[in-house]
Amino acid sequence: MSFIKEVRTLVSENIRDYGMYIALAVIILTFTVMTNGLFISSRNISNLLDSAGYIAVLAVGMTLVIVIRHIDLSVGYAAGFLGAVAAILLTQAGVSMFITIPIILVLGVATGLLNGVLVAKIGIPSFVATLAGMLIFRGALLQVTEKTGTIIIRDDMFNAIGNGYIPSLMEVNGLHLLSLLVGMVGIIFYIYSEMNTRKNKMKYNFEVVSTGIFILKLVFVSAIIAYVTWILAGYNGFSWTVIVMLAVVLLYHFLTTKTVLGRHIYAVGSNPEAAHLSGINVKKITYIVFGSMGMLAALSGILFTARLQSATTTAGTLFELDAIAAAYVGGVSSAGGVGKVTGAIIGAIVMASLTNGMNLLGVGISYQYMIRGGVLAGAVIFDVMTRGRK
Amino acid sequence: MSFIKEVRTLVSENIRDYGMYIALAVIILTFTVMTNGLFISSRNISNLLDSAGYIAVLAVGMTLVIVIRHIDLSVGYAAGFLGAVAAILLTQAGVSMFITIPIILVLGVATGLLNGVLVAKIGIPSFVATLAGMLIFRGALLQVTEKTGTIIIRDDMFNAIGNGYIPSLMEVNGLHLLSLLVGMVGIIFYIYSEMNTRKNKMKYNFEVVSTGIFILKLVFVSAIIAYVTWILAGYNGFSWTVIVMLAVVLLYHFLTTKTVLGRHIYAVGSNPEAAHLSGINVKKITYIVFGSMGMLAALSGILFTARLQSATTTAGTLFELDAIAAAYVGGVSSAGGVGKVTGAIIGAIVMASLTNGMNLLGVGISYQYMIRGGVLAGAVIFDVMTRGRK
Amino acid sequence: MSQYILEMNSISKEFVGVKALSNVNFQVEKGEIHCLIGENGAGKSTLMKVLSGVYPFGTYEGDIVYEGNVQQFGKISDSVKAGIAIIYQELALFPDLSVYENIFTGNEMKRGGVIDWNETILQAKKLLQKVKLDVNPETLVKDLGVGKRQLIEIAKALSKDVKLLILDEPTAALNEDDSENLLKLLKELKTQGITCIMISHKLKEVISIADKATVLRDGQTICTLDATKKEVTESIIIKNMVGREIEDIYPKRPKREKGERILELHDWTAYDPAIGRNVVKNVNLHVNKGEIVGISGLMGSGRTELALSIFGNAKGYKLQGDLMLNGNLTNLKHPNEAIKAGIAYVTEDRKGDGLFLLQDIKSNISAANLQGISSKGIINDNEEIIIADKYKKSLYIKASSIEQEVGKLSGGNQQKVSLGKWLFVGPKLLILDEPTRGIDVGAKFEIYTVMNELIEAGMSIIMISSELGEVLGMSDRIYVMAQNELKGELTIEDASQETIMELATQ
Amino acid sequence: ACSQTTGGGSGSVDVGIVLPTKDEPRWVQDEQRFKEALADSDYTTEILFSQGSSAKEKENVETLLNKGIKVLIICPHDGDAAAAAVEAAKKDGVTVISYDRLITNTDAVDYYVTFDSVAVGAAQGQYLVDNVSGSDVPLYLYAGAASDNNAFLFFEGAWNVLQPKIADGTFKVANSSEAEALKDKAMLSRDEMSKILGQVTTNWDPNEAINKAQTHLTAVGADLKGDVAVLAPNDGTARSIADVFASDGDVSSYIVTGQDAEKASIQYVIDGKQSMTVFKDVRTLVTDAMGMAVSILDGDTPETTGSYNNGSVDVNAKQTDVIVVNQENVQKELIDSGYYEASEFEGL
Ligand SMILES: Nc1ncnc2c1ncn2[C@@H]1O[C@H](COP(=O)(O)OP(=O)(O)OP(=O)(O)O)[C@@H](O)[C@H]1O
Ligand SMILES: Nc1ncnc2c1ncn2[C@@H]1O[C@H](COP(=O)(O)OP(=O)(O)OP(=O)(O)O)[C@@H](O)[C@H]1O
Ligand SMILES: [Mg+2]
Ligand SMILES: [Mg+2]
């Protein structure tokens with residue numbers, strides 16, 4: 001009785017945070033029913049996550065940019081351009097991928113910092129500064145691919161980032177062992193860290209949820225991880241793209257929730273004046289956020305290039321709008337200071353699920369655009385409504 | 001002596017306002033020299049202005065949207081979609097162009113108002129609301145052109161809006177008489193209105209510039225009008241596109257500088273709180289500005305469709321970014337409250353001149369993108385610097 | 001017919017959690033100048049906003065009877081049409097527009113929607129002459145100082161066909177001459193039959209100009225004083241305004257030995273490039289360990305700027321003069337350097353630049369000293385909770401939990417969160433800017449108690465305050481500022497309302 | 001920066017060339033070949049790109065007209081929408097050569113040199129028909145952008161050949177319910193085609209092609225795998241689709257078409273990852289187009305081999321046959337003919 005009441009309070013208090021998970025669940029359920037379960041098949045889920053990867057990574061960076069009340073329109077072509085540079089390094093210059101990737105990431109940071117300087121130091125509105133950047137990167141992409149057209153990459157290791165899966169080690173009943181292990185480690189890590197947090201809280205004599213609820217939560221989340229792992233293990237196991245995506249989310253989740261830097265970012269977004277008077281270097285934070293965006297654009301470019309096993313002349317077209325849409329669906333607010341990186345990933349997966357599900361159903365392309373527009377508007381309307389602001 | 005001093009003071013006081021005109025003059029001069037005068041030939045100038053038309057019209061509306069601190073990303077595909085609807089009405093439904101055009105303009109206002117409601121009433125950030133609109137219009141455009149693909153328009157009168165010229169009446173030394181007359185009327189109107197303003201000011205005992213300066217200004221501006229007229233009259237005379245563009249600028253210039261509505265728009269942009277406290281209905285102004293943007297998007301769609309004599313499936317792609325770039329080059333500020341419609345037109349002409357001049361010079365497309373990006377960034381940096389803000 | 005142009009009967013107005021007005025009655029006679037006085041947060045501005053339709057009919061209780069009719073203003077333009085013009089405390093001007101446009105925005109000189117600019121400029125000039133402001137009407141408002149902006153607001157009000165003019169602290173930012181001009185202007189308007197309600201904290205002004213004065217306290221009408229009955233005097237006003245014995249509000253603390261000097265300013269001048277003039281001029285002051293130094297003065301006298309210039313030059317002024325911390329010449333270039341040097345600054349505008357309103361109490365408290373709860377850049381959430389809980393208890397913050405959003409707290413509790421944030425930095429010198437503005441009596445008392453505890457613990461405090469009672473009740477020493485300069489220093493023994501006001505209005 | 005002009009930035013130009021976009025490698029090839037063909041010509045030319053915009057295309061034509069061209073060689077982005085541009089040229093007395101893609105519904109086109117887009121599609125379809133055996137072979141259809149008229153032309157050509165074989169049960173359409181529903185219809189209306197394209201469009205985007213291919217392979221049962229045939233519209237999407245099909249364990253073999261003979265795809269053909277590509281020997285087309293231009297400039301009448309009706313007039317045309325390149329003839333057609341260098345590929 002009091003248990004049910006506790007659940008109810010918890011849910012009603014956090015409805016807004018869960019809104020997007022619920023939306024995702026609804027979308028998954030709808031498509032699963034409409035496709036007779038095909039949507040939720042191992043293979044489809046695996047493909048879906050892979051196809052969301054390069055946008056999800058951008059959406060994480062974009063969320064932070066929007067949190068500090070800016071926007072970055074240049075990331076699409078920046079990703080395309082940096083991907084092409086990676087391809088050139090790998091093929092024409094014959095640089096190893098272990099050197100290429102760091103170089104590209106550093107280049108990404110540099111381009112991001114340039115945006116940061118234009119915005120924070122010179123004071124150009126980020127919209128225009130990055131619009132100019134978008135044109136420049138587009139020209140640069142055409143420039144570097146002009147001689148060769150599409151650049152094919154034959155480095156299997158590099159291509160695996162976008163197409164490959166972690167080794168299987170051994171198959172157990174058609175399930176990939178290493179992936180199962182990864183999932184298990186994830187669950188153990190999750191349970192351990194939750195228990196640890198709880199133990200610590202109790203040590204401090206803080207209020208914690210009742211044991212029943214706690215176990216319920218552990219079981220629920222573990223079951224989801226286990227289910228996703230099981231699904232993925234049933235196809236080819238975890239893809240490298242999913243691993244990269246998970247790594248980025250975990251890293252950025254940690255950065256934004258546990259570190260001083262993360263707090264400073266949200267403080268700047270929430271109230272730049274107050275942040276300044278609290279001794280936070282607002283310009284520095286702006287540089288860091290744009291720099292991180294640049295790095296993630298580079299990573300997105302790498303993922304995309306590897307996925308196509310080649311650098312194309314139009315790589316990156318409109319990625320920025322997809323990333324922005326994902327970030328907004330994920331609950332970021334342009335009023336600043338609100339938005340989670342986990343939301344960005346969910347937003348990217350929601351948008352990818354829509355595309356994927358509609359493709360499975362054979363929905364015509366014109367309706368696909370309209371439905372995606374509608375979902376984007378709907379998500380933000382829901383967000384604004386539940387936030388209870390005008 | 002005091003005359004020269006007066007000129008000098010006037011120039012130094014208004015450097016920011018003239019910056020964009022100077023930039024345009026520099027661009028024109030550079031290209032003229034580099035192309036051995038080809039750039040400034042009658043025909044090229046006529047083509048250049050025609051090619052700027054459909055963006056210039058959007059830029060005017062976008063300037064006002066940015067003035068009230070919003071943005072509209074949906075206008076590109078809205079223009080494309082409405083142009084396609086116009087084509088369908090003209091061809092498949094056989095509606096006369098004199099009925100079609102008003103219908104399309106009204107539809108444009110309706111779509112704009114929808115954006116306005118989402119932004120002002122529901123409170124969605126304009127960036128997302130119109131991003132969703134962009135997706136929806138893109139789908140709608142594909143939808144309506146699905147059956148036919150590109151829709152060819154055979155209505156010569158309609159096509160003349162984008163390709164035709166005002167009748168010549170008679171050629172005088174190879175110059176088109178009616179166009180010369182239009183130019184002359186323009187000059188007379190200009191001189192009359194300036195004299196009138198001056199007379200009025202003197203009647204009110206206001207300070208006016210000295211007679212010398214006044215005459216200098218009259219002569220200078222008249223000469224420019226005369227020169228442009230002469231140039232255009234030497235080819236085919238004024239095109240309908242130029243006439244439409246002039247009409248839009250004159251109308252919006254009048255609206256923004258002379259009417260209550262115009263001042264209220266700037267007041268809302270400058271300080272929405274204060275506007276509210278001054279009894280201005282901020283929501284209503286937002287609706288009006290978005291509604292006008294929608295109408296201009298429709299007009300842009302009409303111009304574009306008439307120019308191509310057909311509605312294509314990709315019409316409108318990226319118009320919004322061109323319009324935004326033109327508005328910013330034209331000196332609008334996203335901090336709100338600052339920006340002139342004349343600036344927007346000049347911005348659109350600057351961007352069109354760049355493309356045209358670089359085409360004449362045979363500059364490669366990749367460099368063209370980069371140079372346009374650079375000019376956009378440069379224009380805004382100049383603006384920010386001269387405004388002396390951080 | 002009644003002689004009242006305005007009667008406000010039993011007006012009540014509630015904000016979420018705050019009862020700003022309860023059963024206020026307020027009558028104004030035709031053609032008089034009626035002053036509305038009371039402490040910060042007494043509800044003066046709110047009452048006027050109810051009158052002008054900012055808070056439209058239906059959002060308040062009670063009746064507004066204006067010119068004999070019950071009025072139900074649904075929006076601001078309704079009250080304007082009725083001839084009521086109001087000049088708000090936070091100026092409502094358009095910085096990017098010219099003076100003449102500002103004057104006539106919302107009330108354009110027009111013919112069929114088209115503006116007659118010549119007529120506009122002409123009228124603007126006349127109005128500017130009327131308010132004795134000598135500026136070119138084509139100047140942009142952002143290029144003008146606050147004083148001139150105030151006069152433009154008045155010109156704007158006069159541009160309407162005004163019968164009842166309301167001014168909310170119009171002279172707060174004006175210097176002596178400008179204030180006097182303004183008061184003369186009001187008297188002139190009175191002769192033209194314009195009724196005037198003026199809110200002011202400057203008692204001298206009130207005494208010199210008011211025909212009547214109504215005192216508000218804690219959202220209630222206390223009394224209406226009549227000048228013809230010689231009731232409008234300083235002592236009567238203060239008695240009614242404060243309404244309680246000072247000993248009750250200001251907790252005593254034991255006298256302490258004078259400690260060493262921890263802060264000294266010599267010929268300290270700050271030039272603000274954004275507005276193009278000195279905002280602090282030639283200030284010499286010092287603060288000893290373990291004392292509360294009060295800085296008093298009228299609004300706009302430059303006290304906030306002085307604090308900001310000390311606090312790591314937060315607004316980027318051009319500084320001259322020396323700042324010594326513990327006897328060492330120091331140069332602080334950013335608030336974080338000031339924080340490291342042991343200075344903390346609690347801003348006067350807690351919502352605008354003090355707090356992160358969308359974040360919870362604990363993140364706000366830890367915001368300025370995350371280092372204190374983290375190792376190697378990683379935050380220890382549990383420590384944060386401990387700290388936040390500690391300040392919640394020691395500062396008597398009333399909230400359901402430390403996870404409550406700060407934006408949803410009442411003003412007093414917000415102020416305590418703001419204070420907690422800075423106490424957690426562990427400063428040696430705490431600058432409090434208007435620490436009790438808009439805070440109820442109980443909360444005030446709690447804040448004063450905390451201040452005393454801090455002094456006991458060896459901290460020093462600079463308290464900037466416009467409330468004389470607070471300055472007198474809490475300070476060990478008092479500096480008085482006016483027109484961006486220090487006009488004098490008073491020991492607590494020499495200080496009285498009169499001596500302070502004398503210096504402040506110099 | 002004036003890399004595309006052989007006549008100097010400002011001097012007058014004799015032949016203007018407008019190509020659709022630099023974003024697709026195909027047109028970069030054309031640019032390259034034009035430059036080579038012009039190296040020893042007396043006439044000056046200039047090449048401009050329209051970047052997928054009919055409006056920019058029109059601006060380009062106007063610019064070239066300003067520069068006094070006498071012959072315009074134009075490959076329209078959109079054959080219908082280009083009418084306005086060439087009509088302007090016609091008014092100036094410029095001879096218009098429609099290059100590769102026909103400009104439709106206008107009388108302002110003088111000549112047409114072409115590989116014939118419909119024929120390209122037909123060659124793709126024919127290759128599939130020739131290389132399958134048995135019946136009920138799963139057929140995966142893909143197409144270009146639903147917003148691109150050329151995508152419809154390619155698809156139309158392929159459908160003309162494939163449809164009878166679908167109807168008679170040789171093929172079974174695996175990934176489009178709309179195509180399945182229309183399988184007995186030989187001539188599709190634009191509307192019907194767009195229903196199919198809406199489902200199988202790649203938007204000319206290799207990434208979209210991957211998404212679609214993966215989805216389709218997920219959606220079908222094992223009965224629609226095994227030995228399959230894939231109609232891929234061009235090389236960029238063909239490679240992506242081939243990669244996806246190659247990675248599916250249930251697909252024992254696949255035949256996939258292509259178009260444009262991009263270097264990257266030639267490598268795929270050599271490696272056996274892509275079955276064929278339709279090689280359009282751009283050199284022939286360029287030579288034909290330039291030959292026509294030169295004879296016009298010289299005052300002669302160019303040779304033509306037939307005519308195409310563009311909906312308004314019959315346009316004299318010279319058609320160049322497309323060459324189907326697969327693993328067997330790749331050496332002969334592309335390397336021996338000197339189109340590409342052998343050193344550009346591995347494993348020949
Ligand atoms: N918009 C609002 N939301 C919530 N509370 C408000 C709001 N506006 C005012 N208050 C509260 O109402 C009370 C009265 O405020 P008001 O501004 O009327 O005071 P005042 O007498 O004008 O003070 P001051 O002298 O500082 O201007 C204060 O407690 C204030 O915090
Ligand atoms: N934005 C501005 N533009 C022009 N002058 C300004 C501006 N802000 C403040 N000032 C001027 O700076 C001086 C100091 O103002 P400030 O409000 O800091 O004083 P204060 O003593 O802290 O008053 P308060 O009681 O409001 O805290 C005043 O003379 C004011 O007119
Ligand atoms: Mg007030
Ligand atoms: Mg202050």
Side-chain angles (χ1 to χ4, degrees), chain B residues 13-14 16-17 67-69 193 196-208 251 253-285 288 331-340 387-390, chain C residues 49 52-54 73 75-81 85-98 100-125 136-138 140-143 149 153 156-157 159-160 273-274 276 315-316:
Chain B
E13 266 174 13
N14 294 293
R16 236 202 93 229
D17 283 349
V67 160
I68 63 163
R69 309 181 181 200
S193 79
N196 204 30
T197 311
R198 186 179 163 87
K199 211 176 63 197
N200 254 321
K201 282 207 173 192
M202 300 217 283
K203 210 170 68 192
Y204 277 93
N205 278 323
F206 291 169
E207 203 186 305
V208 289
L251 176 69
H253 181 69
F254 174 78
L255 266 179
T256 52
T257 56
K258 306 272 179 211
T259 68
V260 174
L261 173 66
R263 296 332 289 169
H264 283 188
I265 292 173
Y266 283 85
V268 167
S270 184
N271 186 347
E273 289 297 307
H276 174 66
L277 291 178
S278 301
I280 296 172
N281 189 334
V282 176
K283 274 188 198 167
K284 199 176 91 188
I285 296 292
I288 291 174
V332 75
S333 152
S334 62
V338 176
K340 294 182 182 168
R387 202 171 296 159
R389 295 183 311 140
K390 272 204 318 170
Chain C
K49 285 181 179 171
S52 66
V54 171
F73 298 133
K75 49 185 188 316
I76 295 163
S77 45
D78 293 348
S79 70
V80 171
K81 266 185 219 126
I86 175 162
I87 297 168
Y88 300 95
Q89 193 168 1
E90 53 289 342
L91 297 183
L93 292 171
F94 307 99
D96 295 307
L97 302 185
S98 65
Y100 63 86
E101 285 171 285
N102 264 284
I103 292 176
F104 284 97
T105 291
N107 181 35
E108 288 79 4
M109 313 282 309
K110 63 192 170 196
R111 256 174 303 166
V114 178
I115 299 174
D116 184 342
W117 286 122
N118 284 325
E119 195 58 35
T120 303
I121 296 174
L122 185 74
Q123 294 305 327
K125 280 189 171 164
N136 184 340
E138 312 203 1
L140 298 188
V141 159
K142 68 175 172 192
D143 296 329
R149 292 184 191 192
E153 280 276 18
K156 182 174 170 180
S159 79
K160 301 163 188 169
K315 287 281 143 74

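Just so it is clear: chains get the letters A, B, ... in the order the sequence lines come, proteins before strands, and each one is counted from 1. None of these values were measured; they are calculated from a predicted model. Computation of the quantities below employed the complete heavy-atom set of this structure, encompassing side-chain atoms and omitting hydrogens, waters and symmetry-equivalent molecules.
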* Asked: Just wondering, more than 12 heavy atoms not from C:K125 lying within 6.0 Å of its NZ?
  -> yes
* Among B:K201, B:H264, B:E273, residue most engaged with chain C (heavy-atom pairs, under 4.5 Å) ->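 Of B:K201, B:H264, B:E273, B:H264 has the most heavy-atom pairs under 4.5 Å with chain C.
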What part of [X] is in contact with chain B, defined as an atom under 4.5 angstrom from a non-hydrogen atom: side chain, backbone, both or neither?
X: C:I121; answer: both
X: C:V80; answer: neither
X: C:L93; answer: backbone

* Asked: Can you name the nearest heavy-atom pair linking B:N271 to B:R69, along with the distance?
  ->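 That closest heavy-atom pairing would be N-NH2, 4.1 Å.
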* **Contacts of type side-chain hydrogen bond (donor to acceptor under 3.5 Å, both in side chains), residue C:S52, not counting sequence neighbours** =>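 With sequence neighbours excluded, C:S52 shows a side-chain hydrogen bond (donor to acceptor under 3.5 Å, both in side chains) to no residue whatsoever.
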* So what's closer than 4.5 Å to chain C heavy atoms on B:I280: side chain, backbone, both or neither? ->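 The answer is the side chain of B:I280.
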* To do: Might you work through the side-chain contact (heavy atoms from CB on, under 4.5 Å) test for C:W117 and C:E101, ending with a clear yes or no?
  => CA-CA 9 Å; C:W117 286 122; C:E101 285 171 285; 3.8 Å; yes
* Asked: Which salt bridge (charged side-chain N to carboxylate O under 4.0 Å, His left out) pairs, counting each pair once, include a residue from residues 102-114 of chain C, with sequence neighbours left out?
  -> C:R111-C:D116
